Amino acid sequence: MLDPKLVRNEPESVASALAKKGFTLDVETIRSLEERRKSIQSKTEALQQERNQKSKGIGKAKAAGEDIEPLLKEVEHLKSELAAAEKELAEVQSEWDAMLDGVPNLPADDVPEGKSEEDNVELRRWGQVPGFDFPVKDHVDLGEALAQMDFELATKLAGSRFVVMQHQIAKLHRALIQFMLDIHIEEHGYREIYVPYLVNRDSMYGVGQLPKFEADLFKIQDEREFYLIPTAEAPVTNVLRDEIFQDANKLPLKFVCHSPCFRSEAGSYGKDTRGMIRQHQFEKVELVQFVRPEDSDAALESLTAHAETILQRLELPYRVVILCGGDLSFSSARTYDLEVWLPSQDKYREISSCSTFRDFQARRMKARFRNPETGKPELLHTLNGSGLAIGRTLVAIMENYQQEDGSIRVPEALRSYMGGLEVISKG
RNA sequence: GGAGGGGUGGCUGAGUGGUCGAAAGCGGCGGUCUUGAAAACCGUUGAACCGCGAGGUUCCUAGGGUUCGAAUCCCUACCCCUCCGCCA
């Protein structure tokens, strides 16, 4: 959520900043809502004040043993008047809240202009794109030929956009999780956290998934309102929801969390239907940080570097792009995507997305810290990034490390996690 | 699943329908004392909103209701605890 004061006081400048995201802010509606709010609020509060004072008077009179009948007459009219005013105020406020809920975060100043993915700007590249002197296969052909990856079986068990893995590929998949967790915990100073994979509505609202993006989520059919998490960001960021974090000197808080992720992928029919690129269920190691506002820009750079480390250790070529305004997500102020090289597609594909939300999520969640300088609560800044998406990393390894006979070399960095195995081959 | 008991500030915990945003303790902050610290003592200390300000409003899990007036009474939901049953 944006700062309501900012939206109220400077709707034009907010609108022009949001234009970069391709969002049109209805300045006129804001103005008229704000005018109504002001008059109704002061009217309501005046009535409340009158009621409070007179009621206290009644209490005192009663205690003094006086006749309170005349006093009761005086407040008679207040009841209905106040009820009407309160109702109207509540309506205006909920209209305002609903409007504000749908307004995306402001993009950072350095976010490039642009409408879509096409307009993202490449910042840097790392590694050498491999050359092959044989026809490359994609991970589907490789995995099926090894008899260790089965999409048809997954369809039988569940439906499309799932996979079944077995044997060494399944082990490699698991090894990637351990490998990434270990590096982030031991080298980058993150704290491991295990969280629920079903969360409530408040948590989804806090990170900005709701109310706008309900269709992207799997909802549990039950009288309780549970959603399957689309990313560990949802439960982990909500750790500080409705809290005032007291030990400012313990900031930043850095959490790493492995979790499955569930996405309905509604509206992406026909997109990446082959293989493991876009699934209903996948694993991810997620990095989440809570920082003081002045530290969040630097934190995004270091968080991105932490994710990059994984690709470098795995010796996978990648590039870093900064998302343009039009491609930036609802809650994000700035996002760097890491894109890994996929030989079968002859291009870079997203494998991690690192974002700063500044105070946008924190305001929705009321996630604050006590600033020791002022003694007052202030909104935290939140960040997160994939470090990395496991399924896509597995795909990248299979494709970049493939050999002519269809076997796959195990990256050096993973061998200790694979019992020393050097090559994955049929068996 | 059955029976009961609860949700109060950063934490613990008192609270009779009225002067209660709420005792007390802990913690935090400031001070006295001390070379410094600890202890002791004194003072101070909830959050959000409106307003230039004076000041006002809201908040005792959430949502309804009763009442001139609700932390307090009633209903519903959620959560927690105890006992029984079941269970990895």
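Computed from a predicted structure; not experimentally measured. Below, chain A is the first sequence line, B the second, and so on; all start at residue 1.
- Geometrically, Arg8(A) engages Trp96(A) in a cation-pi contact defined by less than 6.0 Å to the ring centre and at most 45° from the axis.
- Figure legend. rA88(B) is base-paired to no nucleotide; pairs are counted as Watson-Crick or G-U wobble with both atom distances under 3.5 Å.
- Across every strand in view, rU66(B) sits unpaired, with no contact that passes the Watson-Crick or G-U test at under 3.5 angstrom.
- At the heavy-atom level, Arg8(A) lies under 4.0 Å from the strands shown only through sugar-phosphate atoms.
- Distance OG1/Thr393(A) to CE/Met398(A): 13.0 Å, rounded to 0.5 Å.
- A salt bridge does not link Arg409(A) with Glu399(A): every distance from a Lys NZ or Arg NE/NH1/NH2 to an Asp or Glu carboxylate oxygen is 4.0 Å or more.
- Counting non-hydrogen atoms of neighbouring residues, nucleotides and ligands closer than 6.0 angstrom, the NZ atom of Lys212(A) exceeds 12 such neighbours.
- Salt bridge present: Asp141(A) and Arg274(A) bring a charged side-chain N and a carboxylate O closer than 4.0 Å.
- Using the Watson-Crick or G-U wobble rule with both distances under 3.5 Å, rC79(B) pairs with rG6(B).
- Nucleotides of RNA chain B that come within less than 4.0 Å of any heavy atom of chain A span, from the 5' end to the 3' end, rG10(B) to rG69(B).
- If you check residues 71-86 of chain A against RNA chain B, the residues with a heavy atom closer than 4.0 Å are Leu72(A), Val75(A), Lys79(A), listed by number.
- Under the Watson-Crick and G-U wobble criteria, each requiring two contacts below 3.5 Å, nucleotide rA37(B) is left unpaired.
- Taking the centre and axis of the six-membered ring of Phe218(A), the NZ or CZ atom of Arg263(A) falls outside the cone set by 45° and 6.0 Å.
- Pair assignment for rU12(B): rA24(B), on the basis of Watson-Crick or G-U wobble contacts that are both within less than 3.5 Å.
- Taking 4.0 Å as the cut-off between side-chain N and carboxylate O, Asp297(A) and Arg334(A) count as a salt-bridged pair.
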